[in-house]
2 protein chains.
Amino acid sequence: MSDRLSRLFAALADPTRRDIVTRLVVGDATVSELAKPYDVSLQAVSKHLKVLEEAGLVSRSREAQRRPVHLEAAVLAEMTSWIHRHQQAAEERYRRLDAVLAVLDADLDADLDADLDADLDD
Amino acid sequence: MSDRLSRLFAALADPTRRDIVTRLVVGDATVSELAKPYDVSLQAVSKHLKVLEEAGLVSRSREAQRRPVHLEAAVLAEMTSWIHRHQQAAEERYRRLDAVLAVLDADLDADLDADLDADLDD
DNA sequence: CACCTCCTCAACCAATTGGTTGAATACGAC
DNA sequence: GTCGTATTCAACCAATTGGTTGAGGAGGTG
C-alpha cells in the first residue's frame with residue numbers, strides 16, 4: 001500500500017482522521033488542541049497525524065515545544081482528479097449506452113406502430 | 001471503520017481495487033475476466049470485489065454461472081463531494097490569509113517608503 | 001538547576017486485511 | 001446423472017492498523 005494515492009485514500013478512510021482534516025480547514029492547530037475532542041490518548045492522535053503527514057495531507061512545523069499542524073489542501077486535488085476522471089468516463093459510457101438503447105426503443109416503437117397500422121388495414 | 005465514507009475511501013486505498021475500477025469504466029466484466037491480468041488467485045479477486053460491493057462502488061448480477069460486475073459510477077460523486085468541500089474551504093481560507101498578508105506587506109512597504117522619503121529630506 | 005508542558009518513541013495487544021489452499025455451490029452441456 | 005466452468009465459502013497465516021501504557025526529549029519558566 002506504499003504508493004502515494006493508496007496512502008492518500010487510506011489516510012482518509014479513518015473517521016477520526018477525516019475529522020481532524022475537517023478541523024484543520026478552519027486553521028492550523030497543535031496536537032493537543034486536535035486531541036481534545038476525542039477520548040483517545042494523545043499518542044493515538046499523534047499516530048493519526050503521522051499517517052496524514054506521510055500521505056502528504058498535513059505538514060508540521062516547530063514553535064517552541066508545540067508542533068502546529070497545517071492542512072495541505074492542494075493534495076486533496078490529487079484524489080478528486082483520480083475520482084473525477086473515472087466518474088466522468090463511466091458516466092459518459094452510460095450516457096452513450098442510454099442513447100443506443102433509446103434508438104433501439106425508437107426502432108421497436110416504429111415496428112409496433114407499423115404492426116398496428118397493418119392491423120388497422122384489416 | 002463501518003461508516004459509508006470510510007468504506008468508500010478504504011475500498012480505493014488498494015491499488016488492485018483501483019485497477020479493477022479503472023477496468024470497469026470501459027464496461028462490465030466477469031470475475032475471471034477481472035482476475036486475468038493479476039497473478040493472484042481468483043478467490044483474492046473475489047474478495048476485492050466483495051469489498052468494492054460493500055462500499056457500494058460495484059454491483060453484481062447473475063447471468064448463468066457468471067456474475068457480471070458493474071461499476072456504480074454515481075457513488076464516486078459522494079467522495080468527490082467530501083474532498084472538494086474541504087479543499088475549497090481550505091483554499092478559500094488561504095486566499096483570504098494571503099489577502100491579509102498582502103495588505104500587511106503593502107502597509108510595510110508604505111512605511112518603508114515614508115522612512116525613505118524622510119531620509120531624503122535630510 | 002528543577003519543574004512543567006507538549007509531544008514522540010517503543011513495546012505491546014487485539015482486530016482487520018490481503019493473501020493462500022481446499023471444499024462446496026450453481027449452472028449449462030453432454 | 002455426470003462433467004466442466006464460474007464463483008464463493010471456510011480456515012488459515014503473516015502483515016498492518018488503531019489503540020494502549022510507560023519512558024523519554026525538547027523547550028520554556030520558577
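Chain letters run A, B, ... following the sequence lines, proteins first, then strands; residues in each count from 1. Every value quoted in this text rests on a predicted model; they were computed, and no experiment measured them.
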A.B. asks: Output the rounded distance in Å from CG (B/Asp39) to C1' (C/dG19).
C.D. replies: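 Taking CG of B/Asp39 and C1' of C/dG19, I get 12 Å after rounding.
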A.B. asks: What contact category does B/Ser32 fall into here, base, sugar-phosphate, or nothing, at under 4.0 angstrom with non-hydrogen atoms?
C.D. replies: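 Counting heavy atoms under 4.0 Å across all strands, the contact made by B/Ser32 is with sugar-phosphate only.
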A.B. asks: Could you tell me the separation between the CZ atom of B/Phe9 and the C1' atom of D/dT17, rounded to a whole number of Å?
C.D. replies: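 Taking CZ of B/Phe9 and C1' of D/dT17, I get 18 Å after rounding.
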A.B. asks: Nearest-Å distance, CD (B/Gln65) to C1' (D/dG4)?
C.D. replies: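 Going from B/Gln65 (CD) to D/dG4 (C1'), I get 9 Å.
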A.B. asks: Given side chain to side chain contact (heavy atoms under 4.5 Å, CB included), test B/Trp82 with A/Thr80 step by step and report yes or no.
C.D. replies: CA-CA 9 Å; B/Trp82 189 93; A/Thr80 15; over 6 Å; no
A.B. asks: Would you kindly give the CD1-to-P distance between A/Ile20 and D/dG18, to the nearest whole Å?
C.D. replies: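 Value for this atom pair: 11 Å.
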A.B. asks: If the cut-off is 4.0 Å, is A/Arg62 near the phosphate of D/dG27, judged by side-chain N/O to OP1 or OP2?
C.D. replies: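 Result: yes.
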A.B. asks: Could you check how far CG of B/Leu49 sits from C1' of C/dG18, rounded to whole Å?
C.D. replies: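 Between C1' of C/dG18 and CG of B/Leu49: 14 Å.
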A.B. asks: Using OP1 and OP2 only, check whether a side-chain N or O of A/Ser46 sits under 4.0 Å from C/dT8.
C.D. replies: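 Result: yes.
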A.B. asks: Does C/dT8 have OP1 or OP2 sitting under 4.0 Å from an N or O in the side chain of A/Arg60?
C.D. replies: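 So the side chain of A/Arg60 is within the cut-off, an N or O lying under 4.0 Å from OP1 or OP2 of C/dT8.
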A.B. asks: Please report the distance, rounded to the nearest Å, between CG in A/Leu52 and P in C/dT8.
C.D. replies: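 The distance from CG of A/Leu52 to P of C/dT8 comes to 12 Å, rounded to the nearest Å.
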A.B. asks: Identify which nucleotide among D/dG19, D/dC9, D/dT7 has an atom closest to any side-chain atom of B/Lys50, counting heavy atoms from C-beta outward.
C.D. replies: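 Selected nucleotide: D/dC9.
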A.B. asks: Counting distance alone, no hydrogens or angles: does the base of C/dG22 have a donor or acceptor under 3.5 Å from a partner atom on the side chain of B/Gln43?
C.D. replies: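 Checked by distance alone, the answer is yes.
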A.B. asks: Distance check needed: C/dA15 C1' versus A/Asp14 CG, whole Å only.
C.D. replies: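 One finds 14 Å between C1' of C/dA15 and CG of A/Asp14, rounded.
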A.B. asks: As a test of reading the structure: which of C/dT5, C/dA26, C/dG18 is closest to the side chain of B/Arg17, going by heavy atoms?
C.D. replies: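 In terms of side-chain proximity for B/Arg17, the closest of C/dT5, C/dA26, C/dG18 is C/dG18.
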A.B. asks: Within the pair A/His48 and D/dG19, is there a side-chain N or O less than 4.0 Å away from OP1 or OP2?
C.D. replies: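 So the side-chain polar atoms of A/His48 do come within 4.0 Å of the phosphate oxygens OP1 or OP2 of D/dG19, strictly under.
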A.B. asks: Would you say A/Arg18 and A/Thr22 are linked by a side-chain donor-acceptor pair, where the criterion is simply a distance under 3.5 Å?
C.D. replies: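 Checked: A/Thr22/A/Arg18 side chains show no N/O donor-acceptor pair below 3.5 Å.
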A.B. asks: Taking for each residue the nucleotide of DNA chain D with the nearest heavy atom, is it A/Ala64 or A/Val51 whose nucleotide lies nearer the 5' end?
C.D. replies: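 First, find each residue's nearest nucleotide; the 5'-ward one identifies A/Val51.
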A.B. asks: To the side chain of B/Arg66, which of D/dG27, D/dA6, C/dC27 is closest?
C.D. replies: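 Within the option list, the nearest is D/dA6.
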A.B. asks: I want to verify a distance call: between D/dG19, C/dT20, D/dT8, whose nearest atom is closest to the A/Thr16 side chain?
C.D. replies: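 Shortest atom-to-atom distance from the side chain points to D/dG19.
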A.B. asks: What's the NZ-C1' distance between A/Lys47 and C/dC12, to the nearest Å?
C.D. replies: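 Going from A/Lys47 (NZ) to C/dC12 (C1'), I get 9 Å.
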A.B. asks: From the options A/Glu72, A/His70, A/Glu53, select the one residue that forms a side chain to side chain donor-acceptor pair (under 3.5 Å) with A/Ser59.
C.D. replies: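 With A/Ser59 as partner, A/Glu72, A/His70, A/Glu53 yield a single side chain to side chain donor-acceptor pair (under 3.5 Å), made by A/Glu72.
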A.B. asks: Consider only side-chain heavy atoms of I, L, V, M, F, W and Y, link residues closer than 4.5 Å, and tell whether A/Ile20 and A/Val51 are in one cluster.
C.D. replies: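 No, separate clusters.
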A.B. asks: Consider only side-chain N and O atoms of B/Ser6 and B/Asp3, and report whether a donor and an acceptor are under 3.5 Å apart.
C.D. replies: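 There is such a pair (donor and acceptor under 3.5 Å, judged by atom type) between the side chains of B/Ser6 and B/Asp3.
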